[in-house]
Amino acid sequence: MPTYAYACKDCDHAFDIVQSFSDSSLTECPECKGSLRKKFNSVGVVFKGSGFYRTDSRDSKGSTVSAAPAASPAPAAAPAPAAAAS
């Protein structure tokens, strides 16, 4: 369940509360009974720990990248000679 941050418009009391997605937003401050506003953070998802990079949690022998050299491109065909106009 997500944690939501609230702040009172009247007394500036701020707190976090765990609520279900289906729960309605709180409207009354528990300290002064004033009106609340929901605070929104700039980051919705925070990734912590390893395993988020291509090199994490991989062994050296299980690589899917081929070590073979790239094939050279085919030589370009020479343009056909222009016919002489008479």
Side-chain angles (χ1 to χ4, degrees):
M1 288 200 313
T3 302
Y4 294 100
Y6 289 93
C8 179
K9 294 179 183 179
D10 300 329
C11 70
D12 292 329
H13 173 67
F15 62 96
D16 295 338
I17 186 166
V18 177
Q19 290 180 297
S20 174
F21 288 110
S22 60
D23 291 345
S24 59
S25 296
L26 299 179
T27 58
E28 187 176 277
C29 176
E31 296 287 319
C32 71
K33 306 298 182 207
S35 60
L36 287 177
R37 65 179 175 87
K38 190 182 281 189
K39 294 169 52 177
F40 293 98
N41 296 327
S42 60
V43 177
V45 177
V46 177
F47 295 105
K48 294 183 179 179
S50 63
F52 300 106
Y53 296 97
R54 180 182 176 127
T55 57
D56 287 348
S57 303
R58 290 184 176 225
D59 55 350
S60 61
K61 63 183 176 187
S63 177
T64 59
V65 178
S66 174
S72 61
S86 317

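Positions are given from 1, in the same order as the sequence printed here.
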request  = Sequence neighbours left out, what passes side-chain hydrogen bond (donor to acceptor under 3.5 Å, both in side chains) with T3? Give chain and number order.
outcome  = none

query = Under 4.5 Å between any side-chain heavy atoms of F15 and P30, yes or no?
reply = yes

key: With sequence neighbours excluded, residues passing side-chain hydrogen bond (donor to acceptor under 3.5 Å, both in side chains) with K9   = none

message = Among residues at least two apart in sequence or on other chains, which ones pass side-chain hydrogen bond (donor to acceptor under 3.5 Å, both in side chains) with Y4?
response = none

inquiry  = Please find the pair of heavy atoms, one from C32 and one from D10, that lie closest to each other, and give the distance.
reply    = SG-CB, 4.2 Å

note = Residues passing the side-chain contact (heavy atoms from CB on, under 4.5 Å) test with D12, sequence neighbours excluded, are none

query = How would you list all residue pairs meeting side chain to side chain donor-acceptor pair (under 3.5 Å) that involve residues 25-38, not counting sequence neighbours?
reply = S25-K38

task = Would you confirm whether Y6, through its side chain, and L26, through its main-chain N or O, come within 3.5 Å as a donor-acceptor pair?
result = yes

request  = Could you pull out all residues at least two apart from S24 that satisfy side-chain hydrogen bond (donor to acceptor under 3.5 Å, both in side chains)?
outcome  = none

task = For A5 and D16, work out which heavy atoms get closest and say how close.
result = CB-OD1, 3.3 Å

